[in-house]
Amino acid sequence: MTNGKNNDLLLVNIGSTEKFPINFQELEQAAKEKLTTGPFGYIRSSAGGEETYRKNIEAFPKYSIVPRFLNDVSTLNTEVTIFGRTYPHPLFIAPVGVNKIAHEDGEIAVAKAAAKYDFPYIQSTVSSYSIEEIAAATEGSSKWFQLYWSQNKEIAFSMVKRADQAGYEAIVLTVDTVMLGWREEDVRNQFSPLKRGFAKGNYASDPVFMSALPDHEEETIISSIVENIYHPSLNWDNIAELKERTTLPILIKGILHPEDAKLAIEKGIDGIIVSNHGGRQLDGVIASIDALPAIVEAVNGKIPVLFDSGIRRGSDAVKALALGATAVCIGRPFVWGLAADGQAGVERVLENFLQETKVSISLSGVSNLSQLRNLKIVRN
Ligand SMILES: Cc1cc2nc3c(=O)[nH]c(=O)nc-3n(C[C@H](O)[C@H](O)[C@H](O)COP(=O)(O)O)c2cc1C
Ligand SMILES: O=C(O)C(=O)c1ccccc1
């Protein structure tokens, strides 16, 4: 693939009369103008004093790229192979639930934009639309399913089976959200997307979930989601059970300690996502990018190590990839694009992300991801 495209895109953007926010701050501002206080606060905020949220962002400038020159960067191959499947670039859509709080088209708009730009889409358990609705809207594109365990574990297994039947290619079990984090903004705004019914896409369509209810009233559905979603007893035995119930590759999302990464490998897990949930769970934890190098070292290439939390632009993605991430997941930036302008807004965000990532890789002096992994990064 040639590299001229990056400059073309920059010129198109500069020549455009259409105004669309280009960086994260502008995107957040555009979303704020569209949303009411509850939904905006839910998406923006994090747990506790938001120390970890700030750390996630402030940690990136501590890592500096040391580029090489005169390497002929006229071609660029950003392909990455994960579980035997080759993706054109290493950028994924992080699982984000309750998308209808940002835009009526919710996850459908995001998954369609993701399909257009070849970002594998990780669908959340707590989506506003169901697995089957998203699969029907985006036939043929790569999709993974993010699983929240259920108190009634047969519900979790049922969702995994549905994802498999709909052609999803992997299961991402999130382990940092066995109960909700302490989120003061939501208390202040008295806003719970669960209680307002924005999380029911996959539940109201699930035969195991629905058949366990005494009736199918909205209130009954919502209170049963709330009962099922918190699962503090989750442990490694459950991982073994999940492995017995699916042949899909399983990743664990929320790993921050190298020992947990090693345990995951021992227990037969196929991949991990280094993440602190965007600072939304335990406040005070290590910045995700600071946790990455030791985990990459502990994993030693045995399984893919994906990364999220704090990625705001292409050069952040380049740093995470150079520090050893196999691929990087985009979170809040696409949600702000969705709030600002539905599918078109997500498309603009993804297009800019992809182009900035590509131009940043080339300007680092490398032509593919394995060279990028050997790029020098210094921590100042
Ligand atoms: C509004 C919102 C909802 C989220 N819902 C989920 C979810 O359902 N499942 C999950 O594993 N992570 C969820 N996350 C966490 C993201 O997958 C990701 O870890 C986080 O957004 C990364 O931080 P960043 O957006 O600041 O980069 C959510 C994040 C946000 C902002
Ligand atoms: O808000 C979140 O971060 C999240 O993961 C979640 C959990 C339960 C319901 C909706 C979203």
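Every number for a ligand or one of its atoms is a count from 1 in the order of the listing. Keep in mind the model is a prediction, meaning the values are calculated, not measured. Residue indices begin at 1 and follow the sequence shown.
The A94 neighbourhood of ligand 1 comprises atoms 17 (O), with distances under 4.0 Å to a heavy atom of that residue. Listed by number with element, the atoms of ligand 1 under 4.0 angstrom from any heavy atom of G310 are 24 (P), 26 (O), 27 (O).
By the 4.0 Å heavy-atom criterion, R312 is counted among the residues contacting ligand 1. Ligand 1 is never approached by V335 to a heavy-atom distance shorter than 4.0 Å. Residue contact annotation: N56 has no non-hydrogen atom under 4.0 Å from ligand 1.
Side chains of R44 and E28 form a contact here, defined as non-hydrogen atoms less than 4.5 Å apart. Side-chain atoms of I229 and L180, non-hydrogen and from C-beta on, never get closer than 4.5 Å to each other.
In V126, the part holding a heavy atom less than 4.0 Å from any atom of ligand 1 is the side chain. Contact annotation for S275 and ligand 1: only side-chain heavy atoms (C-beta onward) come within less than 4.0 Å of the ligand.
If you check each of H277, Q146, Q123 against atom 15 (C) of ligand 1, the one with the closest non-hydrogen atom is H277.
Protein heavy atom nearest atom 1 (C) of ligand 1, with residue, atom name and distance: R280 NH2, 3.4 Å. Taking atom 20 (C) of ligand 1 as the reference point, the nearest protein heavy-atom neighbour is G278 N, 3.8 Å. Nearest to atom 11 (O) of ligand 1 among the protein's heavy atoms is T174 OG1, 2.7 Å. In this structure, atom 12 (N) of ligand 1 lies nearest to the protein heavy atom K253 NZ, 3.0 Å. When hydrogens are left out, the protein atom nearest atom 18 (C) of ligand 1 is D308 OD2, 3.4 Å; that is the closest non-hydrogen contact. In terms of protein heavy-atom proximity, atom 13 (C) of ligand 1 is nearest to P95 O, 2.9 Å. With respect to atom 3 (C) of ligand 1, the closest heavy atom belonging to the protein is V96 CG1, 3.5 Å. Of the protein's heavy atoms, S124 OG, 2.7 Å lies nearest to atom 8 (O) of ligand 1.
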task: Give the C-alpha distance, both sets of side-chain angles, the deciding distance and a yes or no for ring pair (Phe, Tyr, Trp, His ring centres under 6.0 Å) between W149 and Y230.
output: CA-CA 8 Å; W149 197 253; Y230 305 122; over 10 Å; no

- prompt: Would E50 and R54 satisfy salt bridge (charged side-chain N to carboxylate O under 4.0 Å, His left out), going step by step from the backbone distance to the final call?
  reply: CA-CA 6 Å; E50 303 189 347; R54 289 191 294 278; 5.0 Å; no

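Side-chain contact of T177 with H277: a donor-acceptor pair under 3.5 Å is present, judged by distance alone. No side-chain donor-acceptor contact under 3.5 Å links N352 and E356. A donor and an acceptor atom, one from each side chain of R183 and Y42, are located under 3.5 Å apart. In summary, the side chains of E33 and Q29 do present a donor paired with an acceptor at a separation below 3.5 Å, with no hydrogens or angles considered. Defined by atom type and a distance below 3.5 Å, a donor-acceptor pair is present between the side-chain atoms of S275 and D308. Looking at Q146 and W144, their side chains never bring a donor and an acceptor atom within 3.5 Å of each other.
We find that R245 and E154 are joined by a salt bridge, their nearest charged nitrogen and carboxylate oxygen being less than 4.0 Å apart.
Note: an N/O pair closer than 3.5 Å links G97 and ligand 1 by distance alone.
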Cut-off 3.5 Å, no hydrogens considered: what does the side-chain donor-acceptor table look like for residues 58-65, sequence neighbours left out?
from : atom 1 : to   : atom 2 : distance (Å)
K62  : NZ     : D290 : OD2    : 3.3
Y63  : OH     : D290 : OD1    : 2.6
Y63  : OH     : R379 : NE     : 3.1
S64  : OG     : N380 : OD1    : 2.8

For residues 338-350, which side-chain N or O atoms pair as donor and acceptor with protein atoms under 3.5 Å away, sequence neighbours left out?
from : atom 1 : to   : atom 2 : distance (Å)
Q343 : NE2    : E347 : OE2    : 2.9
E347 : OE1    : K116 : NZ     : 3.1
R348 : NH1    : E18  : OE1    : 3.2
R348 : NH1    : E18  : OE2    : 3.3

Identify all pairs of nitrogen or oxygen atoms, one from ligand 2 and one from the protein, separated by less than 3.5 Å, and list them with distances.
from     : atom 1 : to   : atom 2 : distance (Å)
ligand 2 : 1 (O)  : Y42  : OH     : 2.4
ligand 2 : 1 (O)  : R183 : NH1    : 2.8
ligand 2 : 1 (O)  : R280 : NH2    : 2.9
ligand 2 : 3 (O)  : R183 : NH2    : 3.1
ligand 2 : 3 (O)  : H277 : NE2    : 2.8
ligand 2 : 3 (O)  : R280 : NE     : 2.8
ligand 2 : 5 (O)  : Y148 : OH     : 2.6
ligand 2 : 5 (O)  : H277 : NE2    : 2.9

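Sequence neighbours left out, the pairs with a member in residues 208-217 that pass side-chain hydrogen bond (donor to acceptor under 3.5 Å, both in side chains) are D215-T220.
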